[in-house]
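Notes follow once the structure below has been shown.
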Amino acid sequence: MVFSKAGVVLLALASVPLVTRLMGTEGYGKFSVFLMAAQFMIFAFVSWTSGAVIRYGKEEFVKEGKINKVFWARSLILGICCVIGLVVLFVLRDWLGRYIGAPGWIVWFLAGYFLIYALSEFLFYVFQAVGRLKTMALAELTEAAVLLTALLAVKFFVGYSLPILATVIAAYIFCKISADLFFVSRLDLRIFFPVEIDGFTLKRILNFSYPLIFGIMAGYASTWLDVAIVKHNLDFNQVGLYALAFKLANFSQYIGSILNVVLGPIIIGFLALGNQELIIRYIRRIVPQLMFLWLIMVFFIFVLGRPLLPVLFGRSFGDSVLPFSILILGYFMNILVVLYNPVFTAYEMVKRETILNVLMAAFGLGLAFVFIPAFGINGAAWAKVFAFSFGGAAFLFFGNRRLNIVDFRPFLIFLPLAFLFAAVYFLPGLAGAISGVSAFLISGFAVAKIIDLFRPEDKAIFEKIDMPVFVRRFLYKVIDVFSPTL
């Protein structure tokens, strides 16, 4: 499953240059505003009840071997929400067309995108509930491959004979339809029957879901509202430049979701077996090590991304380099949210997690209102850096407090990246690059030495984790190589 998700990232990365070269900065800006509007529809009318499919669908499937009660109860809720969403969409259709900068037909694409993605998200969570994780990962891989193929077809066979915005959106809708067909073809449809809408199940889903609206909309605000503020203050070209920088930096979030898939069940398993000591060891030893490995990956993204971004995505996107470099700082700090999220889940700290996400979104949004008018798209990037840094620090503080731990070493691991950025930003050309890389390597080694990063006894925690033999051997080799050196 992890390898499938890695494949999804690579295929998605290959798709982005095709889109940017087809659309240019202004077209990509309009496409990003379209996605912002579509995602609002999905977050507001669909996503808030998705978690209940896993929570109660899994429970029903384990007990009865089917999920017909949860499926039809959620289908009723989803159907009502989709109807309301479509009514809102058509009432606002003229305004939306002007806002996106497209003709009136764009509302039909919004409606299609909204409905197809609502179905896809529903099936995605159904597969999680019935434990078909490998099939789910394969469907995601299929979707990414179909999107890349569709965009290549647009590039070489369709070109500009049709409105390019409509053509690209149609490619995204087509790839989702293909994923839905793949999902359905792999399902035993008998798990959905007989049709039964149970009032008790309906009430459970609604009671479970309505508090999540705040956290979900906070997630939307954190992800998209800075794009809206950029559009309000600047133009579609600047939206396109910022959207590309954000899109590329945001791929690290997807890599973080892979870590969540791996770490979540492990931490929950430790707690279920009463091994809190292993969770404490995870915080004290594994979290700094994973942050250090993430630091090395981010270093290569930072160094290679600056010269390659205009080459791969088009020279017109050259001004995306600086906001991309700034955003990398924020997404590095956001790894603390990813690494502590399994601890919050295991100890059922859901309300606190929701509050922190809302505060992080509000903090970032407040900064965006101040920074974007003053500093343009670079201000938008800095607002995200401070918001993610606040979120990472808050998750570390409350996670550690729950386990009675006082440990601020992870913040030291941020220093090499800060030195690299400062040197590249303040020193011109080759001098900045050489100084930045040198500062990164020296400070990285010093930090690893100071926090005693690798020890031979760290192997003990990996012995408790079910993983492929070659992965365990690789981790042991890393510890063997680094612990004597450091």
Side-chain angles (χ1 to χ4, degrees), residues 1 4 38-39 41-90 110-143 146 173-213 215-216 261 264-265 268 272 345 348 350:
M1 182 176 176
S4 293
Q39 288 296 314
M41 300 289 293
I42 293 165
F43 275 63
F45 296 104
V46 177
S47 297
W48 64 284
T49 56
S50 295
V53 178
I54 298 178
R55 171 63 183 85
Y56 299 117
K58 183 70 174 178
E59 180 182 284
E60 184 182 353
F61 186 74
V62 169
K63 290 179 179 179
E64 302 181 20
K66 55 177 65 179
I67 59 169
N68 60 309
K69 293 179 183 177
V70 169
F71 177 80
W72 291 108
R74 204 275 171 137
S75 294
L76 177 62
I77 297 169
L78 184 61
I80 294 171
C81 288
C82 284
V83 169
I84 296 172
L86 290 174
V87 169
V88 171
L89 194 61
F90 282 96
L110 265 173
Y113 190 100
F114 168 57
L115 293 175
I116 293 299
Y117 270 67
L119 175 61
S120 292
E121 185 175 294
F122 195 3
L123 292 172
F124 181 84
Y125 283 100
V126 165
F127 266 73
Q128 289 190 62
V130 300
R132 299 284 296 276
L133 299 182
K134 290 183 179 179
T135 306
M136 181 186 73
L138 189 58
E140 289 183 293
L141 190 63
T142 300
E143 179 187 335
V146 171
I173 293 175
F174 176 71
C175 80
K176 272 296 180 186
I177 292 173
S178 67
D180 290 348
L181 292 174
F182 184 94
F183 272 128
V184 173
S185 69
R186 295 297 187 274
L187 271 175
D188 180 1
L189 299 182
R190 289 175 296 182
I191 65 174
F192 301 132
F193 295 96
V195 176
E196 184 177 351
I197 298 178
D198 174 30
F200 176 70
T201 303
L202 241 154
K203 186 176 180 181
R204 291 178 82 194
I205 291 175
L206 290 173
N207 287 338
F208 177 87
S209 300
Y210 82 83
L212 301 178
I213 293 175
I216 285 172
V261 169
I268 293 171
T345 301
E348 299 182 357
V350 178

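Taking CE from M41 and CG from L110, the interatomic distance works out to 7.5 Å, rounded to the nearest 0.5 Å. In this structure, the separation between CZ on F45 and CD1 on I213 is 10.5 Å, given to the nearest 0.5 Å. Interatomic distance, CG of L78 versus CH2 of W72, reported as 12.0 Å (0.5 Å rounding). Rounded to the nearest 0.5 angstrom, Y56 OH and I67 CD1 are separated by 15.0 Å. Between W48 atom CH2 and I42 atom CD1 the span is 15.5 Å, to the nearest 0.5 Å. The distance from atom CG of L76 to atom CG of L202, rounded to the nearest 0.5 Å, is 5.5 Å.
The backbone N or O of A44 sits nowhere less than 3.5 Å from a side-chain atom of S47 that would complete a donor-acceptor pair. Side-chain N or O atoms of S120 include none that pairs as donor or acceptor with a backbone N or O of Y117 at under 3.5 Å.
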Give the C-alpha distance, both sets of side-chain angles, the deciding distance and a yes or no for side-chain contact (heavy atoms from CB on, under 4.5 Å) between F182 and L138. CA-CA 9 Å; F182 184 94; L138 189 58; 3.6 Å; yes
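Remark: F174 CZ is loosely packed, at most 12 non-hydrogen atoms of other residues, nucleotides or ligands lying under 6.0 Å away. Other residues, nucleotides and ligands contribute more than 12 heavy atoms inside 6.0 Å of the CZ atom of F90.
Of all the heavy atoms in D180 and I116, the pair that sits closest is OD2-O, 3.6 Å. Residue G51 comes nearest to F208 through the heavy atom pair C-CE2, 3.7 Å, listed as atom of the first residue, atom of the second, then distance. Heavy-atom minimum distance, A139 versus A179: O-CB, 4.2 Å. The two atoms that bring A73 and T201 nearest to each other are CB-CG2, 4.1 Å, heavy atoms only.
The side-chain heavy atoms of F192 and S75, taken from C-beta on, include no pair separated by under 4.5 Å. Taking the side chain as every heavy atom from C-beta outward, L206 and Y210 never approach each other to under 4.5 Å. Counting heavy atoms from C-beta on, the side chains of F114 and V46 come closer than 4.5 Å. Between D188 and V130, every side-chain heavy-atom pair lies at or beyond the 4.5 Å cut-off. Side-chain atoms of L86 and L115, non-hydrogen and from C-beta on, do get closer than 4.5 Å to each other. Counting heavy atoms from C-beta outward, F124 and E140 have side chains that approach closer than 4.5 Å. Inter-residue side-chain proximity for N68 and F193 is flagged as unmet; no heavy-atom pair is nearer than 4.5 Å.
Judged by distance alone, the side chains of R74 and S50 do bring a donor and an acceptor atom under 3.5 Å apart.
For residues 57-67, the pairs satisfying side-chain hydrogen bond (donor to acceptor under 3.5 Å, both in side chains) are R55-E59, E59-R204, with sequence neighbours left out.
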